[in-house]
Amino acid sequence: MNETPVSSDDKTWALMAWLLGFFFGFIPALIIFIVMREKSKFVGFHALQALFWHFLYIAVMVPIILIGFAVGFSSLVGFSQQHSGEPPVGVIVGFVVMLLFVVLLGFANLIVMIVMAVKASGGAWPELPLVGRWARRAVE
């Protein structure tokens, strides 16, 4: 699969599957995959890999946010039952920890997308851990 030359248009579509995903989530990768999968295995591979990456990112991000809210809410409920004048430390800590994880994962997501977009624009077929092999098998 790697020996076939990749056209400039295919490189652009693969690049867009990655870059547009940062702004619009998994929707651009899904649309590009549906439209281009039969026309170009290269574009299909990158779009599907971007799609899988987004689903993996969401699967990690949602529990972190839910746990952060659960910790904060449980601390808030405990605080309201105590009727003390002290601030609800658990709410603040839960929110800060959740925010830290969200920012770090968002930054890591941005880095992965930029690196993959640059590689796609160069015509490379890099495989991300966990999702790369699935995408490659799906477009073969």
Indicate the atoms forming the closest heavy-atom contact of Ala17 with Ala50, along with that distance. O-CB, 3.9 Å

Nearest heavy-atom approach of Gly44 to Val139 is C-CG1, 3.6 Å

Heavy-atom nearest pair, Pro63 first then Ile58, reads CD-O, 4.2 Å

Compare every heavy atom of Leu15 with every heavy atom of Ala117, then report the nearest pair and how far apart it is. O-CD1, 3.3 Å

In one Ile/Leu/Val/Met/Phe/Trp/Tyr side-chain cluster, 4.5 Å: Trp53, Ile111: no

May I ask whether Val103 and Val97 are part of the same hydrophobic cluster, defined by side-chain heavy atoms of I, L, V, M, F, W, Y residues being less than 4.5 angstrom apart, directly or through others? yes

Spell out, as yes or no, whether a donor-acceptor pair under 3.5 Å connects the side chain of His46 to the backbone of Trp13. no

What is the minimum heavy-atom distance between Trp18 and Ala120, and which atoms define it? CD1-CB, 4.3 Å

From Arg137 CZ over to Phe45 CZ, what is the distance, rounded to the nearest 0.5 angstrom? 11.5 Å

Counterpart residues, ring pair (Phe, Tyr, Trp, His ring centres under 6.0 Å), relative to Tyr57 (two or more places apart): none

Any chance you could measure Met98, atom CE, to Ile65, atom CD1, to the nearest 0.5 Å? 6.5 Å

Once rounded to the nearest 0.5 Å, what's the spacing between atom CD1 of Ile31 and atom CG of Leu51? 11.0 Å

Please check if Val62 and Leu100 belong to a single hydrophobic cluster, counting links between Ile, Leu, Val, Met, Phe, Trp and Tyr side chain heavy atoms closer than 4.5 Å. no

Listed by chain and number, what are the ring pair (Phe, Tyr, Trp, His ring centres under 6.0 Å) partners of Phe55, not counting sequence neighbours? Phe26

So among Leu128, Leu130, Asn109, which one has a side-chain contact (heavy atoms from CB on, under 4.5 Å) with Leu56? Leu130

Using the rule that two of Ile, Leu, Val, Met, Phe, Trp, Tyr join whenever any of their side-chain heavy atoms come within less than 4.5 Å, decide whether Leu110 and Val131 are in one cluster. yes

Strictly distance-based, threshold 3.5 Å: is any side-chain N or O of Arg37 a donor or acceptor partner for the main-chain N or O of Leu48? no

Contacts of Asp10 meeting side chain to side chain donor-acceptor pair (under 3.5 Å) (sequence neighbours excluded), chain-then-number -> Ser7, Ser40

Considering non-hydrogen atoms only, spot the tightest contact between Val102 and Met61 and give its length. CG2-SD, 3.7 Å

Minimum side-chain heavy-atom gap Met113-Met116 below 4.5 Å: no

Joint cluster assignment, Val96 & Leu104, ILVMFWY side-chain distance < 4.5 Å: no

Taking Gln49 for its side chain and Trp125 for its backbone only, find out whether a donor-acceptor pair lies under 3.5 Å. no

